Amino acid sequence: MKVSFKAMWLLASLSVLMVLAVGCNDTLRQFIVPIPSPTGDPGRLANAITLSTNPMTPPSNGSDMHINVSGDSSVGIVPVGLNPVFLGKTSNQVFIINSGTPPTVPATVSIYVALLPTSNVSTVTLPATSSGPVAGAISSSGNIYIANRLSNNVDLIAGGVFAVTASIAVGTEPVMIAGNTANNKIFVVNHGSNNVTEISTIDNTVIKTIPVGSQPIWAVMSSDGLFVFVVNQGDGTVSVIDASLDIVLPCVVGPSCPSGNAIKVGTTAASSPNFAFYEPTLKRVYVSNTGEQSVTVIKANGIDLGSTPQVLPSKIADIPVSGLPTSITALSSGTKAYAALGNCPAGVNHLTLPDPASASNTSHCPGNLVSVIDVVGLRETGTIGVGPGAVSVDAASDASRVYVISANDITTVRDDVHVPNCTDTACLPGLVQPDRTFPTPSISIINAATNVVLVTPVNAGVVNRPLPTFHVPQQDPTCVPTIDPNFNDDVPLPCPLQNPFVVRTFP
């Protein structure tokens with residue numbers, strides 16, 4: 001009995017202690033500050049990058065501006081070289097080709113980490129024997145290739161070396177290179193010789209020269225590296241190259257393929273296509289036709305020469321739009337495409353847009369609309385008003401935003417100090433002065449879900465509409481906008497801005 005009594009006593013004592021411990025723990029819990037779990041979705045890190053030339057006298061370096069996709073905010077301005085002409089990207093870097101002013105200022109390539117606009121910029125000087133660099137692409141090994149239009153060669157910048165390590169002779173007047181990390185070949189578009197030079201990126205030797213249409217101006221490789229779509233501006237066609245067979249694929253002879261080996265784009269002989277965008281979800285190619293108010297959609301999937309009957313590249317539709325397109329993009333969701341309707345002169349292309357001496361550069365592009373295209377119904381469903389000079393457009397990889405450049409946008413400021421426009425208690429005597437207009441190129445962010453431009457609020461003294469989201473960098477970064485109290489005592493008068501000509505998103 002004694003043993004049993006002791007055991008029962010010990011058990012009862014332990015129970016009391018446990019109750020006290022639980023109560024004490026409850027008391028302690030009152031002093032624990034809970035840490036809430038993360039809320040919201042910050043979004044995948046991505047940037048939209050706008051490249052601008054700088055017309056400041058004496059000639060000054062251009063720059064690009066980075067916009068954070070998830071935050072809709074400007075996160076950095078990166079100075080690049082003199083007279084930039086092309087914006088390209090690798091798997092993690094941005095590269096900008098700067099044509100310079102040879103022989104005084106040589107051509108260079110600026111390279112930096114794409115999502116770190118505050119990172120160091122590496123500058124590669126191109127050889128003096130290479131003249132007129134205009135475009136570039138990457139290879140699966142991370143090398144960068146630069147097409148030199150005037151010297152008929154391609155320079156190789158080895159990945160991580162930041163120096164030109166080889167030069168490869170190609171056809172006449174190379175103007176574009178198609179390549180990506182999914183293929184160990186690049187395809188150089190030769191505008192002057194109407195062909196494409198195929199180069200192995202393994203040993204940097206020429207594999208083959210492939211004839212295409214007249215005056216080829218652009219090319220894009222499918223994301224899987226299997227096909228290359230070459231835009232022939234001279235005859236208004238697109239040639240499709242099988243990157244494995246090294247041949248131009250045939251197409252079904254008919255109205256959309258009169259020659260049997262190139263797809264006719266547009267509805268007229270003067271369609272003058274200038275640009276193509278490959279969309280990997282639906283596997284389609286979208287082409288902007290600068291000579292008419294249309295964009296062309298090309299089927300780029302299911303191509304199979306071994307099937308019976310063969311599945312060949314084909315045109316899906318020519319879609320009428322509300323102006324002359326200069327650039328086009330499509331959402332990764334496979335729902336919509338957007339065309340920048342710059343209303344530029346027919347034949348405008350990436351060579352003439354940043355060239356102030358060209359008759360078809362950005363200053364001759366008054367269009368101020370972006371076409372919204374239903375890619376399922378294959379029709380334009382509406383337009384979005386932006387500033388004049390809509391010459392370049394691109395979409396975020398998550399399909400949330402669309403970015404469009406307004407190269408000829410303006411800001412108009414009104415006199416608000418003279419009666420009857422005066423809204424202050426102290427007004428000045430005299431006549432109301434005329435409005436003052438300033439060139440202020442801009443970029444507009446379009447919410448792809450609503451097709452509404454995200455505008456930055458401005459003072460009522462600014463009268464231009466529609467309003468952009470951001471203005472591009474100033475020509476002189478030290479310039480301070482000033483207020484003229486004898487004209488408008490609320491709105492600083494803008495400093496001269498740079499001239500934007502292309503926007504690209506990363507990744």
Side-chain angles (χ1 to χ4, degrees), residues 176 178 180 189 216-224 226-233 236-241 251 256 262-267 271-303 313-342 344 348-350 367 369-384 390-397 399 401-405 446 448 451 502-505:
M176 180 51 57
N180 60 32
V189 176
I217 194 66
W218 192 268
V220 61
M221 180 179 281
S222 59
S223 56
D224 56 14
L226 296 179
F227 303 102
V228 176
F229 301 84
V230 182
V231 177
N232 305 305
Q233 193 164 38
T237 64
V238 169
S239 301
V240 183
I241 296 175
C251 47
S256 65
I263 299 169
K264 181 72 181 73
V265 296
T267 59
S271 59
S272 191
N274 72 322
F275 180 77
F277 179 86
Y278 178 83
E279 189 277 293
T281 300
L282 297 180
K283 295 186 178 180
R284 290 177 174 177
V285 173
Y286 297 85
V287 181
S288 50
N289 302 313
T290 69
E292 64 178 46
Q293 295 183 187
S294 76
V295 299
T296 299
V297 186
I298 295 174
K299 174 183 170 63
N301 66 330
I303 299 172
S314 61
K315 178 167 67 177
I316 296 175
D318 294 309
I319 302 176
V321 291
S322 297
L324 298 174
T326 307
S327 176
I328 190 166
T329 189
L331 299 184
S332 59
S333 59
T335 56
K336 290 184 283 190
Y338 294 80
L341 306 181
C344 306
V348 67
N349 53 51
H350 70 287
L369 296 175
V370 174
S371 173
V372 184
I373 299 168
D374 174 2
V375 302
V376 178
L378 299 173
R379 63 189 181 93
E380 181 185 72
T381 58
T383 58
I384 302 168
V391 296
S392 183
V393 65
D394 204 6
S397 58
R401 297 288 188 268
V402 174
Y403 302 84
V404 59
I405 283 176
I446 299 170
N451 289 331
V502 67
V503 59
R504 292 287 177 264
T505 57

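The residues of the chain are indexed from 1 along the displayed sequence. Bear in mind that the values here come from a model prediction, so they are computed numbers and not experimental data.
Taking every heavy atom of both residues into account, A448 and L331 meet most closely at CB-CD1, 4.1 Å. Residues Q233 and N274 approach most closely at NE2-CB, 3.6 Å, considering heavy atoms. Shown here for S294 and E292, the closest heavy-atom pair between the two residues is OG-OE2, 2.6 Å. Nearest heavy atom pair, residue T296 against residue G266, reads OG1-N, 3.1 Å. A pairwise comparison of heavy atoms in V228 and A178 identifies CG1-CB, 3.9 Å as the closest pair. Between A219 and M176, the shortest heavy-atom distance links the atoms N-CG, 3.6 Å.
No donor-acceptor pair under 3.5 Å is formed between the side chain of R284 and the backbone N or O of A330. In this structure, S314 contributes its side chain and K299 its backbone to no donor-acceptor pair below 3.5 Å. At distances below 3.5 Å, at least one donor-acceptor pair connects side-chain atoms of Q293 with backbone N or O atoms of V321. A side-chain donor-acceptor contact under 3.5 Å links T505 to the backbone of A395. Of the possible polar contacts, one joining the S271 side chain to the V265 backbone as a donor-acceptor pair under 3.5 Å is found. The backbone N or O of I263 sits nowhere less than 3.5 Å from a side-chain atom of S256 that would complete a donor-acceptor pair. A donor-acceptor pair under 3.5 Å is formed between the side chain of T290 and the backbone N or O of S272.
F229 is not listed as a side-chain neighbour of V287, based on a closest heavy-atom distance of 4.5 Å or more. Between V240 and C251, the closest side-chain pair of non-hydrogen atoms is not below 4.5 Å.
The OH atom of Y286 sits 11.0 Å away from atom CD1 of I298, with the distance rounded to the nearest 0.5 Å. A distance of 11.5 Å separates CD1 of I373 from NZ of K336, quoted to the nearest 0.5 Å. For the atom pair CG (L369) and CD (E380), the distance works out to 8.5 Å, reported to the nearest 0.5 Å. To the nearest 0.5 Å, the span separating CZ on F227 from CD1 on I241 amounts to 11.5 Å.
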- Message: Please evaluate residues Y338 and I384 with respect to the criterion side chain to side chain contact (heavy atoms under 4.5 Å, CB included), reporting the C-alpha separation (whole Å), side-chain torsions for both, the decisive distance (0.1 Å), and the verdict.
- Response: CA-CA 10 Å; Y338 294 80; I384 302 168; 4.2 Å; yes
* **From CA spacing to verdict: side chain to side chain donor-acceptor pair (under 3.5 Å), N180, S223** => CA-CA 7 Å; N180 60 32; S223 56; over 6 Å; no
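Side chains of D374 and T381: no donor on one and acceptor on the other come within 3.5 Å.
Paired with V297 under the rule side-chain contact (heavy atoms from CB on, under 4.5 Å), one option of V375, I328, I316 passes, and it is I316.
Applying the ring-ring contact (aromatic ring centres under 6.0 Å, His included) rule to F275 yields the partners W218; only residues at least two apart in sequence or on another chain are considered.
Within the structure, every pair that satisfies the side chain to side chain donor-acceptor pair (under 3.5 Å) test and touches residues 323-332, not counting sequence neighbours, is listed here: T329-D394.
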